[in-house]
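Order of the sequence lines fixes the chain letters, A, B, ..., with proteins taken first and strands second; residue numbering starts at 1 for each chain. Computed over heavy atoms, backbone and side chain alike; hydrogens, waters and symmetry mates excluded.
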There are 2 protein chains.
Amino acid sequence: MSLPHAILIALLEKSSSGLELTRRFDKSIGYFWSATHQQIYRELGRLEREGQIRAIPAPQPARGKRKEYEVLPAGRAELIRWKAVQDEPKRPRDPLLLRLRASGVVGTEGLEPELRRHLDLHRAQLAAYQEMEKRDFAPPEDTERGRVHHLVLRGGIMMESFWVEWLGEVLAGLPGQPPAGDEAAPGVDYADYADYADEAAPGEGEADRTDTG
Amino acid sequence: MSLPHAILIALLEKSSSGLELTRRFDKSIGYFWSATHQQIYRELGRLEREGQIRAIPAPQPARGKRKEYEVLPAGRAELIRWKAVQDEPKRPRDPLLLRLRASGVVGTEGLEPELRRHLDLHRAQLAAYQEMEKRDFAPPEDTERGRVHHLVLRGGIMMESFWVEWLGEVLAGLPGQPPAGDEAAPGVDYADYADYADEAAPGEGEADRTDTG
DNA sequence: CGATGCATGTAATTCGTTACATGATTCG
DNA sequence: CGAATCATGTAACGAATTACATGCATCG
């Protein structure tokens, strides 16, 4: 539940209207926390009701009219509180990895173009980040915020590098049919293999479970 | 919307009961697609109603009794269809990155222990994956499924390596206060800076878009 | 004054999370 | 028998996604 905090951060960096926030969530902030305008308006309403932000009074407020929000002391306090909260790293949930794994049971047909497409997208995003780094972050960082933003951008760069590298490895390793043999290699049973990989638990080597063996 | 497909994959690899699936989703499959038993039971019900899977007939079915599911032809067909579907890479949504960015506006106090904790967790996960790789995947891969599982595991390894590397960089760069100066460096305005970083859009510099990739 | 784009919202649905409920099995 | 454990579920809620609705501003 971090969307309200993402909004507080964005507003502390610069007071904005709902649509401006939406635009900013398509750029820098959105590079690691995305949100649609519907989510944003809903949260803005909630945060205002709770007294964490307020709409800067306008001369003639009206429905379809621009409304700029700023963070109130309660909002800043909430963000400081939340900043130090502990929370477990979430397991990734990536459909592409799932599609790859599906290839293990129903074949790889049709997957390769999608892998290539993603590789291109990640390459482009990586190039964009590197361009930003070159342009916006010169070596001697002189503000706390500058250092932090640079570290976050480094995260984006390294994350995209990971994708580019891994997708390259997959594309190199996937279409390579077995050098001379067939699909079903001798002596290996599919179901057993699945069992094997599933049961190979990482740190549980000491406990010897007698029931399943 | 990939949970049903994750379940189809798991069941094709090995027919299982709901609880067995839950356990398997804590291991290999869960390393890139997590699910709780409540989600799993709900989906199993839905998939069965839709004729994609069936419960293997038991001698005496009863409520609290083990029920094993297997995939029906319709389910396999659906998985084959879904496997080739195009879909955009999702933007990451990571609270830790958000907390780091929050440090840019409300200070870094209290964040460092959390960063260290995550670093340790990712180091442990990386070690576990590397152990699995060493144990389960010898160089000459002889089945399609073996190759695929290995590539997926490589993804896990490289992803965890990314975290370890990046968190190391953050911990090295974060607490380093400005060598001799103060928080607010001369000549830099916070609001302008935020604006600057936000407006630095990636793909819009058509003028001199030097091809870096 | 009507069309277009900008800006702010509502509604419906689906997916994920948390808490709880109940039946079966095993073991002392 | 009763407690602990395994196994299968229900219910309620919150967050995210998708589709739709409405009001203002400008320009011809």
Worksheet item: More 5' along DNA chain D: B:Arg42 or B:Leu19, using each one's nearest nucleotide?
Response: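 Final value for this comparison: B:Leu19.
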
Take atom [atom1] of [X] and atom [atom2] of [N], then tell me their distance rounded to the nearest Å.
| X | N | atom1 | atom2 | answer |
| --- | --- | --- | --- | --- |
| A:Gln38 | C:dT13 | CD | C1' | 13 Å |
| B:His37 | C:dG16 | NE2 | P | 15 Å |
| A:His5 | D:dG14 | NE2 | C1' | 15 Å |
| A:Glu43 | D:dA15 | CD | P | 7 Å |
| B:Leu21 | D:dC6 | CG | P | 17 Å |
| A:Glu20 | C:dG9 | CD | C1' | 17 Å |
| B:Arg49 | D:dG9 | CZ | C1' | 13 Å |
| A:Phe25 | C:dT8 | CZ | C1' | 17 Å |

Does a side-chain N or O of [X] approach OP1 or OP2 of [N] to a distance below 4.0 Å, or not?
| X | N | value |
| --- | --- | --- |
| B:Arg66 | D:dG9 | no |
| A:Tyr41 | C:dT8 | yes |
| A:Gln39 | D:dT17 | yes |
| A:Arg93 | C:dC15 | no |

Worksheet item: Looking at B:Leu8 and B:Val71, what are the two nearest heavy atoms and their distance?
Response: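 Answer, listing the atom of B:Leu8 first, then B:Val71: O-CG2, 3.8 Å.
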
Practice prompt. Measure across B:Ile40 and B:Phe25 and return the closest heavy-atom pair with its distance rounded to 0.1 Å.
Written response: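 Reported closest heavy-atom pair: CD1-CD1, 3.9 Å.
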
Return a table of donor-acceptor pairs under 3.5 angstrom between the side chains of residues 155-167 of chain A and protein atoms on other chains or two or more places apart.
| residue | atom | partner | partner atom | Å |
| --- | --- | --- | --- | --- |
| A:Glu160 | OE1 | A:His122 | ND1 | 2.6 |
| A:Ser161 | OG | A:Ile157 | O | 2.8 |
| A:Trp166 | NE1 | B:Leu151 | O | 2.9 |

Discussion item. Between A:Tyr69 and B:Trp33, which residue's closest nucleotide on DNA chain C lies nearer the 5′ terminus?
Written reply: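 Nearer the 5' end of the strand: A:Tyr69.
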
Worksheet item: At what distance, to the nearest 0.5 angstrom, does CG of A:Leu98 lie from CZ of A:Arg93?
Response: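 Answer for the CG-CZ pair, A:Leu98 versus A:Arg93, is 11.0 Å.
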
Item to complete: Taking the side chain as every heavy atom from C-beta outward, state whether B:Glu13 and A:Arg101 have any atom pair closer than 4.5 Å.
Response: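 Yes - at least one pair of side-chain heavy atoms lies under 4.5 Å apart.
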
Item to complete: Using a 4.0 Å heavy-atom cut-off across all strands, classify A:Ser17 as base, sugar-phosphate, or nothing.
Response: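 Here A:Ser17 touches the backbone only, sparing every base.
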
Worksheet item: Base, sugar-phosphate, or nothing for A:Arg46, non-hydrogen atoms under 4.0 angstrom?
Response: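 The residue A:Arg46 makes no contact with any strand.
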
Practice prompt. Give a yes or no answer on whether the side chain of B:Ser103 reaches the backbone of B:Arg99 with a donor-acceptor pair at less than 3.5 Å.
Written response: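 Judged by distance alone, yes, a pair lies under 3.5 Å.
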
Discussion item. I'd like to know if the side chain of A:His118 and the backbone of B:Asp87 have a donor-acceptor N/O pair within less than 3.5 Å.
Written reply: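 Yes, the answer is positive, given that a donor and an acceptor are paired below the 3.5 Å cut-off.
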
Taking only N/O atoms, report every protein-nucleotides 23-27 of chain D pair under 3.5 Å with atom names and distance.
none

Discussion item. What's the closest nucleotide to the side chain of A:Thr36 if the choices are C:dT8, C:dG16, D:dT17?
Written reply: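 Nearest nucleotide to the side chain: D:dT17.
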
